[in-house]
K.L.:
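Mind looking over this structure? Questions follow.
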Amino acid sequence: MKKTLFIALALCLSLTTNAQKKVSILGDSYSTFKGYISPDVNEPWYPRDEKDANNKPKNDVQDVSQTWWRVFLDNNKDKYQLEKNNSYSGATISCHGYQNEDYCYRSYATRCVNLGNPDIILVFGATNDSWAGAQVGDYQYANFTKQDLFKFRPAMAHFLQTIRMYYPKAEIHFILNSELREEINESIYTLCHQYHVPVIALKDIDKQMGHPSKKGMSAIAQQVETALAQKPATR
């Protein structure tokens, strides 16, 4: 009897595990937390040490459980498990970084080959391209040179081609931050449509120091959860 119960329990646990989809995150500072990003040489932004006049953190996300991706996964333990979080503070989709620095080494196309073996990929990007003043350039879909990748549209097309090539069976969703330059938004919608990648456009995200607060993180998690439930990725 005990043996039968043990086998039944083991089978149940196995089915539960198999039902979970593996989720990888490819992001920038919004998705970082020290000690919880891979590879660990990636620069984190969270948590922050800066304090206000009342000695309270200027950004109140102080525990990894408060990040949008952790909230999302914890709220959906029966559906999803984390495969890898490859996020890097300041990361851009193009190679154009702050102060016109070359950011190719931390770009999304460079890092997207290191996401493990995910069923779902959540790409959260373009914020730094918008903030760093990257030129959008022209729409381009082939014959990329390194110089082309310093402009947003060619770099975005190159990135989407690369991630599709490496993960042909994965669902890919692009999370679009609020308050970005309109030409960046337009480019994302156009290129994601071209490569059949649904866009999750965030709304009303509370921010501190330009980054999501605890309230903002919860809103992101909820909006991502709602989008995945309503509109699965299609090819």
Side-chain angles (χ1 to χ4, degrees), residues 24-75 82 84-103 105-108 111 122-136 152 155-156 173-185 187-188 199-227:
S24 286
I25 313 297
L26 183 65
D28 52 29
S29 58
Y30 280 36
S31 305
T32 62
F33 201 92
K34 186 176 181 179
Y36 292 89
I37 47 180
S38 178
D40 59 10
V41 295
N42 289 4
E43 295 179 17
W45 192 88
Y46 290 97
R48 305 304 294 178
D49 294 329
E50 295 91 336
K51 302 293 178 62
D52 62 18
N54 297 316
N55 202 36
K56 292 183 178 179
K58 288 187 176 181
N59 188 291
D60 60 7
V61 176
Q62 294 291 305
D63 189 89
V64 69
S65 65
Q66 299 164 339
T67 60
W68 72 267
W69 51 272
R70 193 69 263 170
V71 172
F72 166 72
L73 291 169
D74 286 346
N75 288 345
L82 181 65
K84 184 173 286 193
N85 180 1
N86 188 332
S87 295
Y88 200 132
S89 182
T92 49
I93 289 171
S94 70
C95 290
H96 178 93
Y98 293 95
Q99 289 78 51
N100 294 318
E101 291 184 19
D102 184 336
Y103 271 23
Y105 69 96
R106 69 173 81 184
S107 73
Y108 280 60
R111 293 182 296 116
L122 299 177
V123 179
F124 199 162
T127 296
N128 290 297
D129 296 272
S130 184
W131 289 356
Q135 296 181 37
V136 293
F152 184 76
M156 181 72 175
H173 300 258
F174 193 98
I175 303 171
L176 176 59
N177 192 13
S178 58
E179 304 172 279
L180 300 188
R181 289 157 44 198
E182 187 54 40
E183 57 187 354
I184 294 289
N185 294 337
S187 301
I188 288 169
V199 176
I200 303 172
L202 301 178
K203 298 179 180 178
D204 303 320
I205 303 302
D206 187 67
K207 298 172 185 176
Q208 297 168 340
M209 303 177 68
H211 290 67
S213 61
K214 286 194 295 185
K215 180 180 178 181
M217 289 292 192
S218 293
I220 294 171
Q222 182 58 58
Q223 290 176 39
V224 169
E225 180 179 347
T226 299

K.L.:
One thing to verify: whether D52 and K56 come together as a salt bridge, which I'm taking to mean a side-chain N less than 4.0 angstrom from a carboxylate O.
P.N.:
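No, this pair does not count.
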K.L.:
Does the pair L122 and F72 meet the rule for a side chain to side chain contact (heavy atoms under 4.5 Å, CB included), with working shown?
P.N.:
CA-CA 11 Å; L122 299 177; F72 166 72; 4.2 Å; yes
K.L.:
Are the side chain of Q223 and the backbone of I200 linked by a donor-acceptor contact shorter than 3.5 Å?
P.N.:
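Absent.
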K.L.:
Could you check whether any side-chain heavy atom of V61 comes within less than 4.5 Å of a side-chain heavy atom of H211, counting everything from C-beta outward?
P.N.:
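They are not in contact (no side-chain heavy atoms under 4.5 Å apart), so the answer is no.
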K.L.:
Does the H96 side chain pair with the main chain of A132, one donor and one acceptor, at a distance under 3.5 Å?
P.N.:
yes
K.L.:
Working to the nearest 0.5 Å, report the span between OH of Y88 and OH of Y103.
P.N.:
8.5 Å
K.L.:
Are the side chain of S87 and the backbone N or O of G27 linked by a donor-acceptor pair below 3.5 Å?
P.N.:
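It does hold such a pair.
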K.L.:
For the pair N85 (side chain) and T32 (backbone), establish whether a donor and an acceptor sit closer than 3.5 Å, ignoring hydrogens and angles.
P.N.:
no
K.L.:
Hey, what do you get for OH (Y108) to OG (S94), rounding to the nearest 0.5 Å?
P.N.:
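Answer for the OH-OG pair, Y108 versus S94, is 11.0 Å.
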K.L.:
Write down the atom of F33, the atom of P47, and the distance for their closest heavy-atom approach.
P.N.:
CZ-CD, 3.7 Å
K.L.:
With no hydrogens and no angle check, is any side-chain donor or acceptor of D129 less than 3.5 Å from a backbone partner on A134?
P.N.:
no
K.L.:
With a 4.5 Å heavy-atom cut-off, do I37 and P44 have their side chains touching?
P.N.:
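Heavy-atom side-chain distance check passes, below 4.5 Å.
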K.L.:
Can you tell me how far apart CD1 (I25) and OG (S38) are? Round to the nearest 0.5 Å.
P.N.:
12.5 Å
K.L.:
Taking all non-hydrogen atoms of both residues, which atom of K207 and which atom of N177 are closest, and how far apart?
P.N.:
NZ-OD1, 3.1 Å
K.L.:
Between atom CD1 of I93 and atom CZ of R111, what is the distance when rounded to the nearest 0.5 Å?
P.N.:
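I93 atom CD1 to R111 atom CZ measures 9.5 Å (nearest 0.5 Å).
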K.L.:
Kindly give the heavy-atom pair with the smallest separation between R70 and V64, and that separation in Å.
P.N.:
CB-O, 3.2 Å
K.L.:
So, do W45 and D28 sit near enough that their side-chain heavy atoms are less than 4.5 Å apart?
P.N.:
no
K.L.:
Atom CD of residue position Q135 - does it have more than 12 heavy atoms of other residues, nucleotides or ligands inside 6.0 Å?
P.N.:
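Counting neighbours around CD of Q135, 12 or fewer heavy atoms of other residues, nucleotides or ligands fall under 6.0 Å, so no.
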K.L.:
State, yes or no, whether a side-chain contact exists between I175 and Y30 at a heavy-atom distance under 4.5 Å.
P.N.:
no
K.L.:
Answer whether the closest heavy-atom distance between the side chains of I188 and M156 falls below 4.5 Å.
P.N.:
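I188 vs M156: side chains touch.
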K.L.:
For the residue pair M217 and Q66, establish whether any side-chain heavy-atom pair is separated by less than 4.5 Å.
P.N.:
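They are not in side-chain contact.
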K.L.:
Using side-chain heavy atoms (C-beta onward) and a distance below 4.5 Å, is R106 in contact with N128?
P.N.:
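Sidechains of N128 and R106: no contact.
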K.L.:
Please test F124 against W68 for ring-ring contact (aromatic ring centres under 6.0 Å, His included), starting from the C-alpha separation and ending with a verdict.
P.N.:
CA-CA 11 Å; F124 199 162; W68 72 267; 5.8 Å; yes
K.L.:
Does P39 reach the side chain of N86, with side-chain heavy atoms less than 4.5 Å apart?
P.N.:
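Sidechains of N86 and P39: in contact.
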K.L.:
Write down the atom of S31, the atom of W69, and the distance for their closest heavy-atom approach.
P.N.:
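Shortest heavy-atom contact: O-NE1, 3.0 Å.
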K.L.:
Looking only at side chains, do T226 and Q222 share a donor and an acceptor under 3.5 Å apart?
P.N.:
yes
K.L.:
Are the side chain of S130 and the backbone N or O of T127 linked by a donor-acceptor pair below 3.5 Å?
P.N.:
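No, the answer is negative, given that no donor and acceptor are paired below the 3.5 Å cut-off.
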K.L.:
Between Y46 and R48, is there a cation-pi geometry (under 6.0 Å to ring centre, at most 45° from the normal)?
P.N.:
no
K.L.:
Report the distance from atom CG of N59 to atom NZ of K51, rounding to the nearest 0.5 Å.
P.N.:
12.5 Å
K.L.:
Has S213 got a side-chain atom pairing as donor or acceptor with G216's backbone, closer than 3.5 angstrom?
P.N.:
yes
K.L.:
Which value, rounded to the nearest 0.5 Å, describes the distance between L73 atom CG and S65 atom OG?
P.N.:
12.5 Å
